[in-house]
Every structure is written in C-alpha cells, then in structure tokens.
J.: 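Take a look at this one; I'll ask things after.
Here is the naming used below: chain letters follow the sequence lines, and residue numbers restart at 1 for every chain. Computed over heavy atoms, backbone and side chain alike; hydrogens, waters and symmetry mates excluded.
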There are 2 protein chains.
Amino acid sequence: MISGKPIGRLSLYRRLLNGLMHEGVQSVYSHDLAARAGVTAAQVRRDIMNIGYSGNPNRGYDVRMLVESISNFLDDPDGQNVALVGVGNLGRAILAFFSGRRPKLSIVAAFDSDPEKFGRVIRGCRCYSIDQAPEVIRELNIKIATLCVPANVAQEIADLCIRAGVKGILNFAPVPLHVSGSVYVEDIDMTMSIEKVAYFARTN
Amino acid sequence: MISGKPIGRLSLYRRLLNGLMHEGVQSVYSHDLAARAGVTAAQVRRDIMNIGYSGNPNRGYDVRMLVESISNFLDDPDGQNVALVGVGNLGRAILAFFSGRRPKLSIVAAFDSDPEKFGRVIRGCRCYSIDQAPEVIRELNIKIATLCVPANVAQEIADLCIRAGVKGILNFAPVPLHVSGSVYVEDIDMTMSIEKVAYFARTN
DNA sequence: GTATATTCGTTACTGATTTCACAATATCAT
DNA sequence: ATGATATTGTGAAATCAGTAACGAATATAC
Ligand SMILES: NC(=O)c1ccc[n+]([C@@H]2O[C@H](COP(=O)([O-])OP(=O)(O)OC[C@H]3O[C@@H](n4cnc5c(N)ncnc54)[C@H](O)[C@@H]3O)[C@@H](O)[C@H]2O)c1
Ligand SMILES: NC(=O)c1ccc[n+]([C@@H]2O[C@H](COP(=O)([O-])OP(=O)(O)OC[C@H]3O[C@@H](n4cnc5c(N)ncnc54)[C@H](O)[C@@H]3O)[C@@H](O)[C@H]2O)c1
C-alpha cells in the first residue's frame with residue numbers, strides 16, 4: 001500500500017529529525033525538513049500525511065512526535081534481528097558500522113565459509129560457519145540478511161537464507177537475485193553507482 | 001536527455017554481457033538478458049534502442065557488439081580518474097574492491113586527515129593528506145570523488161572537492177549533500193537501505 | 001476582535017517511466 | 001522459393017511518482 005521510495009525517505013527524515021532533536025529543536029516546518037532532506041516541501045507533507053501524522057499550521061511538526069510516528073510506522077515494536085553473511089572486507093566494515101547502533105535492528109550473527117572466522121567475535125558479533133546458518137537463523141528468529149559474499153555464491157546463499165525463514169535481503173553482491181515474490185530484495189550495487197556517477201560527471 | 005535509471009541498467013547489462021562473453025556466448029535475446037537483469041524484455045529493448053544499437057530479429061543481440069555500444073555510450077574514451085576520501089573501514093574495503101578492476105575508471109588517489117595514513121600505499125592506492133587534495137585533484141584531472149568520511153565533515157569535503165574541479169560524487173556518508181546543479185551526486189545510504197529491507201521483511 | 005501572514009492537508013495535475021501490442025524483419029526447414 | 005516461427009523496433013497506452021495549488025486552520029500583530 002505504501003511503496004519503496006517513500007519508506008526510504010521516511011527513514012531519512014527520521015535520521016534528520018533525530019539530529020534536530022539532539023540540538024534541542026522542538027518543531028520543524030515541511031520546507032525546512034525538505035531542504036535538509038533534499039526534496040520538496042510538498043513531498044515531505046505528502047509522506048507525513050501517508051503515515052497518518054498531522055502537523056500544526058503555523059507551528060509545523062512536533063519533532064519528537066513525528067519521530068515517534070515514523071518509528072511506529074517503520075519499526076517492529078519487538079525489534080528485528082539481522083544476519084550478515086560474508087565477513088570479508090565489506091562485511092567487517094558493515095559490522096563495525098552497525099554494531100550496537102540501532103536497538104530495533106541489530107546484527108546478531110555473522111556467517112562465513114572460512115574456518116579462520118568460526119567462533120570468533122568480530123566487531124562485537126559472533127561469527128558462525130555458514131553450515132550453521134539454517135539453525136542459527138531459525139533460533140534467533142532472523143528475518144533479514146545482509147549479503148556480503150562473492151557474486152558467484154550470492155544466489156545460493158540467498159536461497160539458503162530464504163529456506164531458513166529470511167524475508168528481506170540487503171544484497172551487496174553485484175548480481176541480481178532471483179527470489180519469490182514474498183521476499184524483498186534491496187540491491188546496493190556500487191559498481192553500477194560509480195559508473196552512473198562517472199557518466200553524469202562527464203556529460204552533465 | 002537520457003536519465004539516471006536507464007544509465008544504471010546499462011551498466012548492469014554490460015556486466016552481465018561481459019559474463020556471458022566470458023562463457024563464450026555470442027548472442028542473446030532481450031528476454032534472456034531481461035531475466036538475468038530482473039527487468040522486462042520490453043525495457044531491455046527500449047534501453048538498447050535508446051543508445052542506438054540494433055539487434056537482429058531471430059538472432060537477438062550480438063554480445064560483443066552490444067558491450068561495445070554500451071561502453072562507447074557510458075565510458076570516457078580517455079578514461080576517468082577517481083579520488084577516494086576517507087580511508088577508514090569502508091574506504092579500505094572499496095579500495096580493495098576497485099583496485100585495478102576497470103581500466104576506464106580507476107581510483108588513483110586517496111585522501112585522509114589522519115597523519116598515520118599519509119604517504120602510505122593502501123591497497124595499491126597512494127594516500128595523501130586531505131590538505132593536498134585540491135592540488136592532487138587538479139593535477140590528476142580528477143572529476144569523480146567517492147566520499148567515505150564521517151557524516152559531520154561530508155559537506156565540507158564535498159565543497160572542497162567541487163572547488164578543485166570534481167563534477168560527480170559517490171556519497172556514502174548518511175547525509176544529503178547540498179551542491180550546485182552542475183555537480184551530480186549519487187547517494188549510497190546503507191542505513192536507509194537496511195531500514196527499508198526491515199520494513200518490507202516485516203510487512204510483505 | 002479583526003486582519004494578516006504563514007503553514008498544513010489534500011486534490012488535481014504534470015511529466016516521466018514502463019509496459020503493451022503489433023508491424024517489420026530475419027532465419028530456417030522444406 | 002516459400003511458409004512458419006521467433007524476435008526486434010517502436011508508437012501508443014497505462015502506470016507511477018512528484019509537483020503545484022489552494023482551501024482550511026492557526027498564530028500573531030495591532
Ligand atoms: N568491498 C567493496 O567495497 C565492494 C564493493 C562492491 C561490491 N562488493 C561486493 O560485496 C561482496 C563482498 O565483497 P568483499 O570485498 O567483502 O569481498 P571479500 O572477498 O573480502 O569477502 C567475501 C567473504 O565471503 C566469504 N565467503 C565466500 N564464500 C562464502 C560462502 N559460500 N558462504 C559464506 N561466506 C562465504 C569469504 O570467506 C569472505 O570472507 C562481493 O560480492 C563484492 O562483489 C564489495
Ligand atoms: N562502514 C560502513 O559499513 C558504513 C555503512 C554506512 C555508512 N557509512 C558511512 O561511511 C562513512 C565512512 O564510514 P567508515 O565506517 O569507513 O568510518 P571510519 O571512521 O572507519 O572512517 C572514516 C575515515 O575518514 C577519515 N576522516 C575524518 N575526517 C576527515 C576529513 N576531514 N578529511 C579526510 N578524511 C577524514 C578518518 O580519518 C577515517 O579514516 C561514514 O560517513 C559512515 O557513516 C559506513
């Protein structure tokens with residue numbers, strides 16, 4: 001009913017609003033938030049309308065309450081556990097970045113095929129053998145997986161995760177994954193992104 | 001004249017086609033390429049039409065020639081140099097990944113504010129002080145920057161790069177950058193992406 | 001208490017992107 | 001040659017996302 005891009009913007013708004021809250025700002029206008037987010041004021045209003053929150057004409061939006069509304073909308077009240085597969089260069093960077101950052105969304109297990117890594121705690125996250133993934137994913141009720149494995153195994157790892165109950169995948173491997181419609185895949189394709197930048201840097 | 005999303009898809013098609021070429025495949029149908037890319041056949045045909053390449057009814061597209069057409073369209077014939085700013089966890093992962101990968105698009109300089117890193121060669125890429133950036137960027141004719149610096153300095157680093165001649169930025173810092181219309185910015189916002197996945201994993 | 005100025009909520013519009021549908025075209029078996 | 005078949009190229013239609021515009025609502029100034 002509400003589609004991908006608005007969700008992404010709500011996530012961004014929330015992050016910006018948290019920053020404002022930290023600075024002690026109590027209320028914010030749509031055009032102000034819009035400028036910070038790099039979108040139009042109409043879009044901010046529309047997005048906020050879509051989640052059922054209402055601002056106050058002439059006072060704008062209450063920062064704290066808007067954050068709360070967005071959080072109610074985006075977050076699972078009980079929190080969600082995330083798995084990371086492929087503890088290589090990128091995987092470790094991501095573990096470092098996300099470790100202990102979000103209470104509602106935490107990476108609770110990492111998997112790799114390299115025995116060097118089994119049993120170790122890397123950036124605060126326990127690393128298991130990929131063979132244990134089905135079991136651990138089920139036990140920890142993990143529904144979200146971050147794939148940082150080489151491209152040639154990405155599809156099989158995705159299938160494995162999905163069989164174990166995963167419903168959403170953040171895929172860093174530069175190959176499109178083929179999954180059933182009930183599983184959501186978000187691709188972060190850095191190669192594509194940098195080629196896009198290169199193209200527009202040249203032609204713009 | 002041709003906008004962001006088609007460019008991204010062309011980059012993806014090319015990568016898939018290179019894979020096919022490597023396997024010795026000589027020609028490919030729109031629906032086959034479409035399935036691999038996760039888009040519709042009509043879209044593949046339209047995208048290819050847009051860059052002026054023509055296939056052969058009943059034989060499909062010649063893989064080698066299509067790659068060449070896409071490359072002619074996307075790449076600068078003389079190649080483009082890229083700078084990476086912020087040689088932290090993520091920056092090092094990216095350097096490792098891209099080093100010596102693409103001839104037409106190579107990361108030729110890295111910058112950081114940490115004196116520990118000055119003068120070192122990290123993953124095959126020389127690291128300079130951020131203070132030298134304006135000079136080095138000009139000298140190496142760098143028009144593309146990859147930002148892997150902390151969020152609180154991202155805007156000032158972007159401004160610095162742009163003053164030195166950068167026209168395209170790949171921004172990993174989780175803050176929208178404010179730049180003039182002649183500079184292209186592509187954001188990779190992992191926090192947003194993972195929250196999106198979490199949302200759809202929950203609600204799909 | 002009234003006028004004024006500002007902002008929100010929402011509907012209608014606009015423009016871009018994607019898909020559809022089919023004529024045109026190449027190939028192959030006969 | 002020719003008919004059967006599968007595919008491309010592309011105008012037209014449909015869908016989708018984003019924008020503009022304006023009535024309703026609230027605060028402020030005087
Ligand atoms: N590093 C980057 O900046 C970058 C950029 C773009 C894309 N990527 C993509 O991200 C992925 C990871 O990149 P990286 O640089 O971290 O690579 P990496 O080689 O450093 O790490 C890959 C990790 O996956 C593990 N692995 C391999 N096969 C596995 C399996 N079957 N099951 C579980 N684990 C397995 C390896 O042991 C290794 O630890 C790759 O697909 C790469 O194309 C990375
Ligand atoms: N690591 C991840 O997986 C991840 C995920 C999402 C977003 N990000 C974002 O990417 C950026 C980098 O993340 P990271 O994990 O590599 O952080 P990091 O702290 O490991 O690295 C940051 C690097 O930037 C350098 N730096 C700081 N100020 C600088 C300046 N003024 N000029 C030049 N260099 C400067 C630091 O010395 C350090 O080397 C951050 O904005 C972070 O929010 C990272």
J.: Identify the two heavy atoms, one from A:Pro174 and one from B:Arg15, that lie closest to each other, and give their separation to 0.1 Å.
T.: O-NH1, 2.7 Å

J.: Could you tell me whether B:Tyr199 and A:Phe73 have their ring centroids closer than 6.0 angstrom?
T.: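 They qualify: ring centres under 6.0 Å apart.
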
J.: In residues 37-65 of chain A, which residues come under 4.0 Å of DNA chain D by heavy atom?
T.: A:Thr40, A:Ala42, A:Gln43, A:Arg45, A:Arg46, A:Asn56, A:Pro57, A:Asn58, A:Arg59

J.: A:Ile2 CD1 to D:dA17 P: how many Å, rounded?
T.: 11 Å

J.: Let me have the donor-acceptor pairs involving side chains of residues 35-49 of chain B, under 3.5 Å, with sequence neighbours excluded, atom names and distances please.
T.:
from, atom 1, to, atom 2, distance (Å)
B:Arg36, NE, B:Asp32, OD1, 3.0
B:Thr40, OG1, B:Gln43, N, 3.3
B:Arg45, NH1, B:Ser30, OG, 3.3
B:Asp47, OD1, B:Arg9, NH2, 3.1
B:Asp47, OD2, B:Arg9, NE, 2.7
B:Asp47, OD2, B:Arg9, NH2, 3.4
B:Asp47, OD2, B:Tyr13, OH, 2.7

J.: Say whether A:Gln155 and A:Asp159, considering side chains only, have a donor N or O and an acceptor N or O under 3.5 Å apart.
T.: yes

J.: Expressed as a whole number of angstroms, how long is the span from B:His31:NE2 to D:dT5:C1'?
T.: 13 Å

J.: Does NZ or CZ of B:Arg102 lie under 6.0 Å from the centre of the six-membered ring of B:Phe98, at an angle within 45° of the ring axis?
T.: no

J.: Starting at atom NZ of B:Lys5, determine the distance to atom P of C:dT19, rounded to an integer number of angstrom.
T.: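 Whole-Å distance recorded here is 10 Å.
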
J.: Of the options B:Leu95, B:Ile94, B:Asp114, which is the one that meets B:Val87 in a side chain to side chain contact (heavy atoms under 4.5 Å, CB included)?
T.: B:Leu95

J.: So, OP1 or OP2 of C:dT18: does either fall under 4.0 Å of a side-chain N or O from B:Arg9?
T.: yes

J.: Between A:Ser3 and D:dA17, does any side-chain N or O lie under 4.0 Å from OP1 or OP2?
T.: yes

